[in-house]
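I have placed the structure first, in the form of structure tokens, so that the comments after it can refer back to it.
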Amino acid sequence: GNGIAFAADDGIYVITSPEGRVRRITDTTATDFIDSLPAVSYNADKVAWVRADQSRPIGETGFFETYVMIANFDGTDLVEVSPSAGVIQDAPAFDPRPDPAATRLVWSEMLATSVAPGIGPTVYGIQIFDYRAGSGYYLCRSQQGLTTGLENVQRVDAADNPRCFAQHVMWPEPETV
């Protein structure tokens with residue numbers, strides 16, 4: 001409710017509330033970067049987004065390294081959150097608690113070299129990362145068809161077989177991703 005962010009061809013923009021001012025916080029013009037999928041923290045003091053770096057191809061996969069970035073809402077203190085070679089990080093979402101101590105992000109990721117034709121990735125997961133502490137863990141992770149961390153996954157019915165992968169991760173309430 002305190003701000004909104006959006007991506008354009010030349011970077012990430014934020015709109016403050018209630019003023020309604022638009023401000024560009026990243027400028028990817030004439031760079032190898034593509035910024036997308038921004039998320040705003042509950043208190044609108046931070047913005048996180050996905051950055052693809054076209055100067056860092058991942059082998060012959062056709063993918064580029066993609067990692068989560070974070071900055072203050074005014075664009076200061078811009079940093080890579082937790083880049084990992086060969087990994088595609090996607091769709092960050094902030095911890096939904098209205099607490100200034102809420103310093104976690106969640107995102108999905110996959111190992112680009114694990115993508116098999118007609119099957120998709122075989123190594124993927126959903127990571128929760130504390131950007132202030134600089135550490136994280138996998139909520140769940142699949143490696144070569146074996147998934148760990150699904151003990152607390154709520155299933156629709158017994159036949160439901162959840163995957164630990166999502167294109168767009170949401171964190172609508174504190175204990176639900």
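Pro96 approaches Tyr42 most closely through the heavy-atom pair O-CD1, 3.2 Å. Taking every heavy atom of both residues into account, Gly3 and Ala44 meet most closely at N-CB, 3.9 Å. The shortest heavy-atom contact between Ser36 and Ile12 is N-CD1, 4.1 Å. Residues Val68 and Ala48 approach most closely at CG1-CB, 4.4 Å, considering heavy atoms. Across all their heavy atoms, Ala39 and Ala93 have their closest contact at CB-CA, 4.3 Å.
Transitive grouping of hydrophobic side chains (ILVMFWY, heavy atoms separated by less than 4.5 Å) brings Val87 and Val123 into a common cluster. Val47 and Met69 fall within the same hydrophobic cluster, defined by Ile, Leu, Val, Met, Phe, Trp and Tyr side-chain heavy atoms under 4.5 Å apart, directly or through other members. Both Trp107 and Ile70 belong to a common hydrophobic cluster when Ile, Leu, Val, Met, Phe, Trp and Tyr are linked at side-chain heavy-atom distances under 4.5 angstrom. Taken together through direct or relayed side-chain contacts under 4.5 Å among Ile, Leu, Val, Met, Phe, Trp and Tyr, Tyr124 and Phe63 form part of one hydrophobic cluster.
In this structure, a donor-acceptor pair under 3.5 Å is absent between the side chains of Thr28 and Asp35. For the 3.5 Å distance criterion, the side chains of Ser41 and Asn43 fail to qualify, holding no donor opposite an acceptor.
The CZ atom of Phe129 sits 10.0 Å away from the OG1 atom of Thr103 when rounded to the nearest 0.5 Å. Thr66 contributes atom OG1, which lies 11.0 Å from atom CD of Glu109 (distance to the nearest 0.5 angstrom). With values rounded to the nearest 0.5 angstrom, Tyr131 atom OH is found 5.5 Å from Phe94 atom CZ. Asp90 CG to Ile126 CD1: the interatomic distance, rounded to the nearest 0.5 Å, is 11.0 Å. Annotation: the span from Ile88 atom CD1 to Thr61 atom OG1 amounts to 6.5 Å, rounded to 0.5 Å. Phe64 contributes atom CZ, which lies 9.0 Å from atom CD1 of Ile58 (distance to the nearest 0.5 angstrom).
By the salt bridge (Lys or Arg N to Asp or Glu O under 4.0 Å) test, Asp130 is found to be paired with no residue, residues two or more places apart in sequence or in another chain being considered.
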> Please walk me through it: do Trp49 and Ile25 pass side chain to side chain contact (heavy atoms under 4.5 Å, CB included)?
Replying inline: CA-CA 11 Å; Trp49 64 93; Ile25 63 168; 4.1 Å; yes
> Hey, mind stepping through Arg21 and Val14 against side chain to side chain contact (heavy atoms under 4.5 Å, CB included) and telling me if it holds?
Replying inline: CA-CA 8 Å; Arg21 294 195 178 106; Val14 295; over 6 Å; no
> Can you check side chain to side chain contact (heavy atoms under 4.5 Å, CB included) on Ile128 and Trp171, steps first, answer last?
Replying inline: CA-CA 11 Å; Ile128 294 182; Trp171 201 342; 4.2 Å; yes
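At least one side-chain heavy atom of Val50 sits less than 4.5 Å from a side-chain heavy atom of Pro92.
The 12-atom threshold is exceeded at CD1 of Ile15, counting heavy atoms of other residues, nucleotides or ligands nearer than 6.0 Å.
Proximity of a side-chain donor or acceptor of Gln127 to a complementary backbone N or O of Gln89 within less than 3.5 Å is not detected.
Evaluated for a side chain to side chain donor-acceptor pair (under 3.5 Å) with Glu65, the options Arg51, Arg56, Gln54 yield exactly one hit, Arg56.
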Let me check something: any side-chain donor-acceptor pairs from residues 73-80 under 3.5 Å, sequence neighbours excluded? List them with distances.
| residue | atom | partner | partner atom | Å |
| --- | --- | --- | --- | --- |
| Asp74 | OD1 | Thr76 | N | 3.0 |
| Asp74 | OD1 | Thr76 | OG1 | 2.6 |
| Thr76 | OG1 | Asn72 | ND2 | 2.9 |
| Asp77 | OD2 | Asn72 | ND2 | 2.9 |

